[in-house]
Amino acid sequence: MNGWVLDCYADMAENRMVTWVRTNHGVERVVEDFVPRIYVQAPKDRLEKLRGDLALIGVDDTSVVRRRTGLGEREREVLSVAVRDYSAIQPLAVTIDSWGDYRRNLLYDVDLRMDQRYFLRKGIFGMGLVELPGLRSLDSNLRIDYPIPSLSSIELRVQTKGVGIPTFDDPITSVEVNDIVLDGPEGSILEQLQDLVRAEDPDIIYTAKGDSFYLPYLRKRAAENGMELELGRERGERTSRGKSFFTYGRIVYKPPGHKLRGRVHIDRESSFTFRESGLHGLIELSRLSMIPLQDVSRLSPGSAISAMQVNEAVRTGHVILWKKNRPEDFKTAGALIVSDRGGFIYEPRVGVHDGVWEVDFFSLYPSIMVAHNISPETVMCSCCPRSSHTVPELGYRICEKRTGLVPRVLVPILNRRRAYKELKKQGGHKGDMYDQRAKALKWVLVTCFGYTGYRNARFGRIECHESITAFGRDILMRSADIAERRGFEVLHGIVDSLWLKGDGNIRSYCEEIGREIGIPLNLEGRYEWIVFLPNISTGVGALNRYYGKFEGGELKVRGIAVRRKDTPTLVEDLQHDMLKHLSAAGDAPEFEELIPSSLEVLDRHAEEVRSGTVSRDRLVMRKSISRKLEEYVQFNDSVAALRQLRDRGFELQPGQSVEYLIMDSKSRSSWQRVRAAPFLDGDERYDAERYVDLALRGAAELLSPFGWNYQQLRDRDDRRRSKHRQERCL
DNA sequence: ACGGCACGGGG
DNA sequence: GTGTACGTGCCGT
């Protein structure tokens, strides 16, 4: 019998691996013995001494084997140490480390995931096809059109009693499973839920906020009712700890994961990959990273690519250096001198332009890594001191003898993404599935570049990061030169995109660039008109703020309020309505003609705000918080809302968002200044002038190149109001 | 004027 | 089990 690897985890009590296989008839639970190994590097004589010392503390299954301890290095002798007790891996490594002679950086395969170790040893992977019994692989994760089982699922929703923020003490009102509503006394709801899950036996349970609230909540409610709710196929959840961490330039909060056994819990809100690329995106990444579906759903694309790099390294005879970095050395390198304006070439020409082409490179940075063999072990390698392959500006020499680990991992990902985009274009009922897979891969490719400059990445190196941006600048500059030679005017260019105006043959230009550079240049489209916005203080073109209308009517908008998650719905609606109004224009002159009438959209919104009738949820402000309440040094709206929440016993973690209505933006009193969203009744007085001000700023953001900056709109609004008052007096 | 604070990008 | 650094604009003091 054959089936797919649905779930896998370590049984920490028995020191065995548990694998759940989905067959066409149901699921099979497979338990196998598995002994993980760690590796120690030391001079030959010390290896024997170490062996003896280990035997003295009861670690007797050791052997000397040959492995590569660094990328691109030859195999050397290392001591392989079997660790039968799974929970002893880390402590044993710490012990060996403390024995001194073996110094830092000489322990390997210490911090690898158990599932990944096991999969690598067996040659199987998440959602891969295997034979039962024995879990022999019948699949390859390089396959593009692989078979997948139809997974059954339920959607779980929970309603709680109580107002405002739900807490563990609020009883359950009802539970919805798909469209079935379970209600009645709480104990009965929980029993019905348990029966239903057992009867349906789904492979996947979807929730919204299951990790951050509902799964631990249901468990607590079950305990209150003297019962034990079991949502998995086997007892016990695999919970992790929630934490705030610094990533992507900001603090984010990751709630504790609540993973089931033998059944996949996907929290739509805590899974970035699921949100962006759905179940098929997750399956694709599970296969490539070799990590079980449920676990990969909680990983960032950066961790997924890191796992793929580990897999490739292990497959080519490497052991993986123990990464002992603790969060405390998680600061940004002060001496980092990367010109990250790397992508910037042309200052955008502020104002409206018509008949503009946008072209961009297919996955530029990953393509550069592949085309130029950029990898930690290939940039300034020791084997090619006279390499003629060098990085522009920087002069780093790149290995000509061997293909690096990073390109080896990237080639299949780039090829797959291209193939899926092509398959999607061909149409057919699987189009959606291919689209999801392509999206997941896109994110993996995007994060791969950042990862090379990340200090704590296993395979990161800052010179790679520098080299990639240097090649990128060179490529964009050459592409712009060729465009100008072909008679195009370069209006703007950044990272991997160019905006060109002119009558030249754009398709033939793209082909020439593809040939010349070796990376495909895509035609994104032609704008009927596009507006590049200025930097508000300097008046010079801002790099990433523009909006435009493609032929066909689609709008593309970057960097302005509608794209920001801290914009209240009111301002979002205002900008949308103004853009919709302006999109009637077919060229630049028509656009300019529509500007005066677009101000009427603003007037309508301002009037509605002042009438006091705007629904409060359209006025709710949302800001993510970067620290705990007491760490804020400056009083502002968010702090006022946080204080309110704490007054009522609720504490937010850094990375979570605070939501509030502005009631009197000038007040120094928290309760008069704002009202935190959970405490809103819906008929609070709001600070109308403050919201009108936000609307004015929203409008000014769109119209500043056309004689209507914030102050000008402010003055116009004042004039209109006094005129209005005069009319009323007469 | 200046520091504190939050956000985007990529499709 | 976590991409960087930077440009940008608003707000409070």
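Protein chains get the first letters and strands the later ones, always in sequence-line order, with residue 1 at the start of each.
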What I want to check is whether the side chains of A/D687 and A/S665 have a donor and an acceptor closer together than 3.5 Å. yes
What distance separates A/H280 NE2 from A/F274 CZ, expressed to the nearest 0.5 Å? 10.0 Å
A/Q634 CD - B/dC2 C1' separation (whole Å): 10 Å
Please work out whether the ring planes of A/F532 and A/W499 are parallel, tilted or perpendicular, with thresholds of 30° and 60°. perpendicular
So what does A/R673 touch, heavy atoms closer than 4.0 Å: a base, only the sugar-phosphate, or nothing? sugar-phosphate
What's the closest nucleotide to the A/H465 side chain, out of C/dT4, C/dG12, B/dA6? C/dT4
Could you tell me how far B/dG11 sits from C/dA5 if I compare only their C1' atoms? Round to whole Å. 22 Å
Would you write the dot-bracket representation of DNA chain B, where each base gets (, ), [, ], | or . depending on whether it forms a Watson-Crick or G-U pair under 3.5 Å and with which partner? ||||||||...
Write down the distance between CD (A/E631) and P (B/dG3), rounded to a whole number of angstrom. 21 Å
Between A/E701 and A/D637, the residue closer to the 5' end of DNA chain C by nearest nucleotide is A/E701
Which of these nucleotides, B/dG8, C/dG9, B/dC5, is closest to any side-chain atom of A/K565? B/dG8
Please confirm whether the shortest side-chain N or O distance from A/R558 to OP1 or OP2 of C/dG7 is below 4.0 Å. no
Nearest whole Å is fine: how far is C/dG1 C1' from A/D109 CG? 16 Å
Whether A/N636 contacts B/dG4 is assessed here as follows: a side-chain N or O lying under 4.0 Å from the phosphate OP1 or OP2. Is that the case? no
Under the salt bridge (Lys or Arg N to Asp or Glu O under 4.0 Å) rule, collect the residues that match up with A/R675, sequence neighbours excluded. none
With heavy atoms under 4.0 Å as the rule, sort A/V633 into base, sugar-phosphate or nothing. sugar-phosphate
Rounded to whole Å, CZ of A/R437 lies from P of B/dG11 at a distance of 21 Å
Identify whether any heavy atom of A/R697 sits under 4.0 Å from a base atom; if not, whether one sits that close to sugar-phosphate; answer base, sugar-phosphate or nothing. sugar-phosphate
Expected list for residues 293-306 of chain A near DNA chain C, using heavy atoms below 4.0 Å, is A/R298, A/L299, A/S300, A/G302, A/S303
Is the phosphate of C/dT4, meaning OP1 or OP2, less than 4.0 Å from a side-chain N or O of A/R461? no
Have a look at A/K439 and say if it touches a base, only the backbone sugar-phosphate, or nothing, with a 4.0 Å heavy-atom cut-off. nothing
Taking C-beta and beyond as the side chain, do A/V620 and A/P568 meet within less than 4.5 Å on heavy atoms? no
Output the rounded distance in Å from CZ (A/R545) to C1' (B/dG9). 12 Å
Over 60° means perpendicular and under 30° means parallel, so tell me whether A/F471 and A/H372 are parallel, tilted or perpendicular. parallel
Over how many whole Å does the gap from A/L696 atom CG to C/dC10 atom C1' extend? 15 Å
A/E524: salt bridge (Lys or Arg N to Asp or Glu O under 4.0 Å) partners, not counting sequence neighbours: A/K556
Non-neighbouring partners of A/D566 that pass salt bridge (Lys or Arg N to Asp or Glu O under 4.0 Å), sequence neighbours left out: A/R564
Expressed as a whole number of angstroms, how long is the span from A/Y632:OH to C/dT13:C1'? 18 Å
So ring pair (Phe, Tyr, Trp, His ring centres under 6.0 Å) across residues 550-576 of chain A, not counting sequence neighbours, yields A/Y527-A/F550
Within the side chain of A/R437, is there an N or O that forms a donor-acceptor pair under 3.5 Å with the backbone of A/S277? no
Any N/O donor-acceptor pair, A/R563 side-chain to B/dG11 base, under 3.5 Å: yes
Just the rounded figure in Å: distance from C1' of B/dC5 to NZ of A/K623. 9 Å
Measure from the side-chain heavy atoms of A/D496 and tell me the nearest of C/dG9, B/dG11, C/dC11. B/dG11
Base, sugar-phosphate, or nothing for A/P534, non-hydrogen atoms under 4.0 angstrom? sugar-phosphate
Ignoring backbone atoms, test whether A/S626 places a side-chain nitrogen or oxygen under 4.0 Å from the OP1 or OP2 oxygen of B/dA6. yes
Does either side chain, that of A/R417 or that of A/S363, offer a donor lying less than 3.5 Å from an acceptor on the other one? yes
